[in-house]
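Structure, as structure tokens:
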Amino acid sequence: MKRELPKGYEPSEVEDRLYAWWESSGFFHAEPGDDGEPFAVVLPPPNVTGNLHIGHALVVSVEDAMVRHARMTGHNAVWLPGTDHAGIATQTVVERRLAEEGLTRHDLGREAFIERVWEHVGEYGGTILRQERKLGASLDWDREIFTLDETRSEAVKAAFRRWYADDLIYRGLRLINWCPRCLTALSDIEVDHQEVDGELAYLRYPLMGSDDPESGVTVATTRAETMLGDTAVAVHPDDERYAHLIGRSLRLPLMDREIPVIADAHVDAEFGTGAVKVTPAHDPNDYEIGQRHDLAMIDIITNEAAISEAGGAYAGLDRVEARRKVTADLDAQGLLAGVESHRHSVGVCSRCKTVIEPRLSEQWFVAVRRLADAAAAAVREGRTGFVPERNAKGFLDWLDNLHDWCISRQLWWGHQIPAWYDRDGNLHVPSDDPSPEETERLGLTQDPDVLDTWFSSQLWPLTTLGWTGEDGADVTPELRTWYPTAVLETGYDINTFWVSRMLMAGLYFAGEVPFRTVYNHGMVRDGQGKKMSKSFGNTIDPLDFIEKYGADALRFALLRAATPGQDAPLAEEWVEGARRFANKLWNAARFVLMVADETVATQGLPPEGLLELEDRWILSRLDATRATVDDAMTTWDLGRVARAVYHFVWDEYCDWYLELAKQRDDEAVGAVLVHVLDVALRLLHPLMPFVTEEIWRALHQASDDETLMRASWPAPDVARRDQAAESQFAALQEAVTELRRFRAEHRLSPAERLTVTADADAASRAVLEPALPGIRQLAGVGEWSFSTSATDEGPQGKVSMKGAELFIPLTGLVDLDEERARIERELATAHAERERAERKLANTGFVQKAPEALVQSEREKLVEWQTAIARLSGQREELAS
RNA sequence: GGGCUCGUAGCUCAGUGGGAGAGCGCUCGCCUCACACGCGAGAGGUCACAGGUUCAAAACCUGUCGGGCCCACCA
């Protein structure tokens with residue numbers, strides 16, 4: 001081999017060069033007509049003006065590994081990139097910048113403001129795409145899109161119109177979540193719940209016409225100011241304490257309004273006083289009670305969460321001031337029965353953490369029932385599966401209880417709702433945007449609201465493949481080929497926001513699920529398993545780590561810790577460890593390139609007859625590792641893949657095989673070294689693309705159109721599995737370790753040769769003989785002899801040296817009788833269990849009455865025991881020979 | 001209140017019916033001609049607790065205790 005590698009692996013020298021070459025060579029690009037079974041993944045679109053954080057790094061690492069693996073296994077694989085306009089988030093940032101100039105968006109006006117946001121996008125947008133490249137993401141950049149580009153905007157409008165036409169979108173006055181800071185409505189899931197220490201105030205509402213404060217009822221509330229909008233008091237129908245009051249009227253203090261006492265089963269008689277003030281315009285429960293009892297709904301709160309004109313004397317006060325003043329005023333009138341501290345949860349805007357205000361508002365909604373039922377059915381029928389499976393349950397529960405989705409936002413940055421009002425106030429949702437003439441003629445004005453960001457992202461699997469609103473999934477070659485996509489990979493926290501909606505939209509518009517599998521990764525946590533957050537100061541910047549340790553190291557550290565659905569801790573030491581692994585691999589390759597003849601890379605493995613014990617062992621281990629990786633990849637358990645390859649490369653290939661290879665100069669060793677390295681590189685490539693590619697290119701003296709990322713995945717090579725070689729090699733390893741320990745305990749210098757006399761019976765000797773050259777080499781044994789005098793003494797090898805002696809408990813040398821007995825015992829169990837399963841399945845009563853799951857489980861057990869019998873029988877034969 | 005999840009070596013985690021493991025940290029010894037980003041040897045665990053199933057349990061079942069997460073309309 002001509003090509004020499006530098007002494008240490010330097011990621012910074014390699015990564016950018018390789019990435020540029022991959023990208024410019026079109027290795028990331030796929031066409032619908034390409035060979036192979038289709039395999040598509042959409043990258044969850046990051047905020048267009050965002051920066052890469054550690055969570056993205058995990059997403060990219062996992063998805064890139066999936067896609068690279070798919071490519072190597074012969075799929076027509078495509079990974080689709082893009083960015084999201086992130087309506088409320090982006091608008092908030094730009095508004096904040098305006099505020100620094102002392103301006104609000106209203107000072108600019110809608111058009112100029114949107115102009116500003118586009119400028120902001122121009123300035124900061126795309127950063128994250130460059131950062132994704134730093135990680136090695138093999139995204140098909142030719143297919144990059146943006147949720148607000150023209151084609152996607154067409155698709156959004158088309159989707160809106162079709163749902164409107166099908167009565168799945170409606171406009172109505174409903175109780176919604178209002179953020180008084182963002183000044184917009186929010187959907188239910190954009191509201192977080194926070195525990196706060198508040199006060200529970202007990203208010204007295206006297207009977208109408210009575211001066212006695214205690215004549216009526218006492219109600220409890222954490223939001224006293226809302227009493228200004230009360231239109232009833234509710235009690236439980238069976239609550240005897242209040243039976244006599246049902247139907248009577250109370251005087252609402254401060255407002256001097258007459259309100260009825262009503263009975264509603266929703267009221268919990270056990271809580272508080274058992275009587276509830278009802279504010280239909282400002283509480284979800286009260287809203288429902290209000291609807292049931294046809295109560296008046298008085299909106300007493302303004303957009304900014306102050307008291308409105310409807311609040312009488314309190315108008316203009318902030319809701320918190322109003323709360324204080326209301327309780328104080330009631331107290332002054334003897335109508336405050338008490339105040340106690342009370343811990344409860346309040347809804348806050350998930351974006352700005354301002355306490356949201358439930359209020360009545362005219363908004364657009366998606367009627368979710370039909371859509372949600374279809375999505376739930378698809379999951380229940382297994383058309384879309386979850387990894388881990390258990391996540392399906394929560395998802396289904398959520399779908400089953402879903403409320404209508406408020407999709408209008410009082411923002412400017414986003415897709416403006418394609419609905420117009422004429423001069424008489426009539427609503428129009430035309431199938432095309434109205435022409436200027438039409439607009440003029442009817443005096444049309446477009447609805448000023450924009451759509452929830454997730455309305456456009458729900459179309460992502462469709463729009464990334466070119467869909468613009470048509471019916472069906474066959475309208476573009478891309479959709480025909482790649483829809484449904486293979487797997488949707490995301491954090492479990494996004495299942496409700498995004499996954500559910502894609503499922504609903506995909507089923508509706510394309511008639512089929514948008515992805516076969518939902519794979520949920522966990523959250524990245526710090527090295528102590530704590531949540532990363534800015535306030536803890538334990539956040540990690542992935543770019544720092546890439547610069548310090550390389551992208552492969554960061555990826556590998558993340559993936560090694562990643563078990564599907566489990567949170568993954570990450571600490572700098574882990575990344576450092578992964579960097580060391582990359583370097584280890586690099587240096588193993590340097591060794592291989594040094595000793596291997598330059599022709600061996602193309603020659604394949606030598607005939608069986610030329611292989612030594614260690615050759616047969618490492619080839620057997622290699623295929624075992626390959627099998628583990630293949631198995632783990634069926635559920636994309638990348639943590640298992642990482643651990644298996646790491647162990648193989650470091651502990652088996654480097655620590656044992658390479659050490660033994662050093663003393664050999666036959667042709668076989670070079671060929672095996674190269675072959676094993678080549679397969680290991682391919683197994684590892686999806687996880688560590690850069691270092692593996694760089695080594696592979698040197699190993700194969702590859703030209704510029706040959707790339708590991710398009711090389712074939714290692715095929716099963718079960719013929720190389722060699723149980724005999726593995727147990728003989730295990731004997732070697734244990735003997736060597738024992739001798740090294742002896743050396744360490746006796747403080748012998750490495751240079752000193754050991755003289756060994758080993759006691760061994762015939763069976764032990766048979767196992768040991770083939771391993772002897774290796775043992776002598778690795779343990780530094782000069783003379784080795786077997787003592788024949790003690791062959792009957794016992795099962796253990798016994799080694800003496802210069803008067804000291806030790807015993808070597810060698811695998812394969814242990815008590816053969818006991819081993820035999822163990823196998824026989826297990827075989828007996830296996831046979832018995834197999835027969836039991838067979839009987840059970842043959843029993844018609846069992847089959848007829850047993851639930852399908854039970855029958856299935858019995859069948860599986862049968863297969864398991866049959867496998868066990870095969871395995872044990874194999875072991876028995878081996879032992880016999 | 002409901003659901004999910006975790007409790008294994010000092011730390012972070014794999015393991016899910018027959019052997020208790022990894023990385024980091026720790027101790028001792030090595031610049032051995034791929035690698036000191038390294039090599040070798042070692043210490044360290046009643047696998048949360050209590051019952052049960054099994055010839056056999058860290059693993060399966062039941063319960064208890066303790067962490068975490070999600071959902072929910074207790075004013």
Side-chain angles (χ1 to χ4, degrees), chain A residues 5 7-9 188-189 193 200-202 219-223 226 234 266-268 270-279 283-289 342 344-345 358 388 390-391 393-394 397-398 401 492-493 495-496 522-523 525-531 549 553 557 560-561 563 565-574 576-595 637 639-640 642-643 646-647 650-651 654-655 658-659 661-662 736-745 747-751 778-780 811 822 825-826 828-829 832 864 868:
Chain A
L5 298 175
K7 186 166 172 177
Y9 174 59
D188 293 346
I189 48 178
H193 295 273
L200 191 62
Y202 289 88
V219 294
T221 180
T222 53
R223 295 190 300 156
T226 60
H266 163 264
V267 177
D268 178 2
E270 305 295 315
F271 186 88
T273 62
V276 188
K277 59 190 277 305
V278 183
T279 323
D283 181 278
N285 296 315
D286 294 4
Y287 176 74
E288 285 182 18
I289 294 178
H342 180 64
H344 62 118
S345 87
R390 63 180 127 84
N391 285 17
K393 186 180 161 26
D397 287 348
W398 186 80
N401 296 304
Y492 48 74
D493 54 329
N495 284 359
T496 49
M523 301 291 132
R525 296 172 172 275
D526 75 3
Q528 299 305 302
K530 286 204 207 72
K531 208 173 197 165
Y549 304 110
R560 182 151 51 150
T563 298
Q566 296 293 102
D567 289 348
L570 183 75
E572 183 151 5
E573 303 92 88
W574 308 173
E576 231 179 298
R579 190 259 315 255
R580 287 206 293 270
F581 177 55
N583 193 59
K584 186 73 181 177
L585 185 70
W586 181 262
N587 276 289
R590 288 181 63 224
F591 174 79
V592 172
L593 290 174
M594 216 174 64
V595 304
D637 187 346
R640 231 177 111 210
R643 290 185 293 268
Y646 180 98
H647 170 70
W650 201 314
D651 303 337
C654 289
D655 285 351
L658 253 54
E659 291 306 319
K662 281 178 181 172
V736 168
T737 301
E738 203 58 45
L739 288 163
R740 282 171 174 167
R741 182 185 302 142
F742 181 84
R743 204 182 261 289
E745 275 169 10
R747 307 276 158 152
L748 299 173
S749 100
L778 294 180
T811 298
R822 182 189 64 83
R825 252 194 342 263
E826 287 183 29
T829 315
E864 247 174 61

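Labels below follow one simple rule: chain letters A, B, ... track the order of the sequence lines, proteins then strands, and each chain is numbered from 1.
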- Query: According to the Watson-Crick and G-U wobble definitions, with both distances under 3.5 Å, which nucleotide is paired to rA14(B)?
  - Reply: none
Filtered N/O pairs between nucleotides 30-32 of chain B and protein, under 3.5 Å:
none

- Item | Nucleotide-resolved protein contact map, nucleotides 8-13 of chain B, B/S/- at heavy-atom distance under 4.0 Å | ---SSS
- Message: Using whole Å, what does the distance between atom P of nucleotide rC39(B) and atom CG of Leu658(A) come to?
- Response: 11 Å
- Send over the distance from Asn583(A) CG to rC37(B) C1', rounded to a whole Å. 5 Å
- Task: May I have the distance from Asp651(A) (atom CG) to rG21(B) (atom P), rounded to whole angstrom?
- Result: 14 Å
- Taking atom P in both rC49(B) and rC69(B), what distance in whole Å separates the two? 25 Å
- Message: Students often get this wrong, so: under 4.0 angstrom with heavy atoms, is Glu659(A) touching a base, only sugar-phosphate, or nothing?
- Response: base
- Arg741(A) side chain near Thr737(A) side chain, heavy-atom distance below 4.5 Å: yes
- Expressed in whole Å, how much space separates the C1' atoms belonging to rC47(B) and rA9(B)? 10 Å
- Message: I'd like to check Arg223(A) versus Thr279(A) (side-chain heavy atoms, cut-off strictly below 4.5 Å). Are they in contact?
- Response: no
- Task: Using atom CG of Leu739(A) as one end and atom P of rA41(B) as the other, report the distance to the nearest whole Å.
- Result: 11 Å
- Item | Donor-acceptor pair under 3.5 Å, Glu738(A) side chain vs rA41(B) base | no
- Query: With sequence neighbours left out, what residues match Ala578(A) under side chain to side chain contact (heavy atoms under 4.5 Å, CB included)?
  - Reply: Ala553(A), Phe556(A), Ala557(A)
- Rounded distance in Å between the C1' positions of rU62(B) and rG21(B): 29 Å
- Which part of the nucleic acid does Tyr646(A) contact within heavy-atom distance under 4.0 Å: base, sugar-phosphate only, or nothing? sugar-phosphate
- Message: Work out how far the C1' atom of rG1(B) is from that of rA72(B), and round it to whole angstrom.
- Response: 8 Å
- Task: Sort out the partner of rC60(B) for me: Watson-Crick or G-U wobble, both distances under 3.5 Å, none otherwise.
- Result: rG52(B)
- Message: Can you tell me the base-pairing partner of rG2(B)? Count Watson-Crick or G-U wobble geometry only, both distances below 3.5 Å, and say none if there is no partner.
- Response: rC70(B)
- Query: How far, in whole Å, is rG3(B) from rA14(B) if one measures between their P atoms?
  - Reply: 25 Å
- Is there a donor on the side chain of Lys584(A) or the base of rC35(B) sitting less than 3.5 Å from an acceptor on the other? yes
- For rA48(B) and rA58(B), measure between their P atoms and round to the nearest Å. 10 Å
- Please check if the side chain of Asn583(A) supplies one atom and the backbone of Gly8(A) the other of a donor-acceptor pair under 3.5 Å. no
- Message: Could you identify the nucleotide paired to rG25(B), looking across every strand shown and requiring Watson-Crick or G-U wobble geometry with both distances under 3.5 Å?
- Response: none
- Message: Restricting to side chain to side chain contact (heavy atoms under 4.5 Å, CB included), what partner residues turn up for Arg525(A), sequence neighbours left out?
- Response: Lys531(A), Asp567(A)
- To the nearest Å, how far apart are Asn495(A) CG and rU5(B) P? 15 Å
- Message: Partner lookup for rU46(B), please. Criteria are Watson-Crick or G-U wobble with both distances under 3.5 angstrom; report none if nothing qualifies.
- Response: none
- Task: Give a yes/no answer on whether the side chain of Arg743(A) brings an N or O atom under 4.0 Å of OP1 or OP2 in rA41(B).
- Result: no
- Message: What contact category does Asp493(A) fall into here, base, sugar-phosphate, or nothing, at under 4.0 angstrom with non-hydrogen atoms?
- Response: nothing
- Message: I'd like to check Trp574(A) versus Arg560(A) (side-chain heavy atoms, cut-off strictly below 4.5 Å). Are they in contact?
- Response: no
- Any idea how Tyr9(A) and Trp586(A) line up, ring-wise: parallel (<30°), tilted (30 to 60°), or perpendicular (>60°)? tilted
- Message: Could you tell me how far apart Asn587(A) (CG) and rC33(B) (C1') are, to the nearest whole angstrom?
- Response: 13 Å
- To the nearest Å, how far apart are His647(A) NE2 and rG21(B) P? 13 Å
- Should Arg580(A) be listed as having a side-chain N or O under 4.0 Å from OP1 or OP2 of rA36(B)? no
- Message: Restricting to side chain to side chain donor-acceptor pair (under 3.5 Å), what partner residues turn up for Arg590(A), sequence neighbours left out?
- Response: Asn587(A)
- Item | Which residue lies more 5' along RNA chain B, comparing Phe581(A) with Gly274(A) via nearest heavy atoms | Phe581(A)
- Looking only at atom C1', what distance separates rC4(B) and rG40(B), rounded to whole Å? 46 Å
- Sequence-distant partners of His647(A), side chain to side chain donor-acceptor pair (under 3.5 Å), two or more places apart: Asp651(A)
- Note on the structure: Any strand, both distances under 3.5 Å, Watson-Crick or G-U wobble: rC31(B) pairs with none
- Qualifying residues under side chain to side chain donor-acceptor pair (under 3.5 Å), relative to Thr221(A), sequence neighbours excluded: none
- Item | Contacts of type side chain to side chain donor-acceptor pair (under 3.5 Å), residue Asn495(A), not counting sequence neighbours | Asn520(A)
- Given side chains that start at C-beta, do those of Leu200(A) and His344(A) come closer than 4.5 Å, heavy atoms only? no
- Phosphate contact (rC37(B) OP1 or OP2) by Arg579(A) side-chain N/O below 4.0 Å: no
Write out a two-atom table: protein N or O, nucleotide N or O from nucleotides 1-4 of chain B, distance below 3.5 Å.
none

- Message: I'd like to check the side chain to side chain contact (heavy atoms under 4.5 Å, CB included) partners of Val276(A); sequence neighbours left out, ordered by chain and number.
- Response: Val267(A)
- P atom, rG15(B) versus rA75(B): distance in rounded Å? 41 Å
- Task: Please figure out whether Arg640(A) or Ala589(A) has its closest RNA chain B nucleotide nearer the 5' end.
- Result: Arg640(A)
- Pairwise side-chain contact, Ile189(A) with Trp398(A), heavy-atom cut-off 4.5 Å (strictly under): yes
- Can you name the closest pair of heavy atoms from Tyr549(A) and Glu572(A) and give their distance? OH-OE2, 2.6 Å
- Task: Under the side chain to side chain contact (heavy atoms under 4.5 Å, CB included) rule, collect the residues that match up with Asp493(A), sequence neighbours excluded.
- Result: Met523(A)
Nucleotides 71-74 of chain B: which of its N/O atoms have a protein N/O under 3.5 Å away?
| from | atom 1 | to | atom 2 | distance (Å) |
| --- | --- | --- | --- | --- |
| rC73(B) | O4' | Asn285(A) | OD1 | 3.2 |
| rC73(B) | O4' | Asn285(A) | ND2 | 3.3 |
| rC73(B) | O2' | Asn285(A) | ND2 | 2.5 |
| rC73(B) | N1 | Asn285(A) | OD1 | 3.0 |
| rC73(B) | O2 | His266(A) | NE2 | 2.8 |
| rC73(B) | O2 | Asn285(A) | OD1 | 3.1 |
| rC74(B) | O2 | Asp268(A) | OD2 | 2.6 |

- Does the side chain of Glu288(A) come within less than 4.5 Å of His266(A)'s, by heavy atoms? no
- Roughly how many Å is it from CE in Met523(A) to P in rU5(B), rounded to a whole number? 16 Å
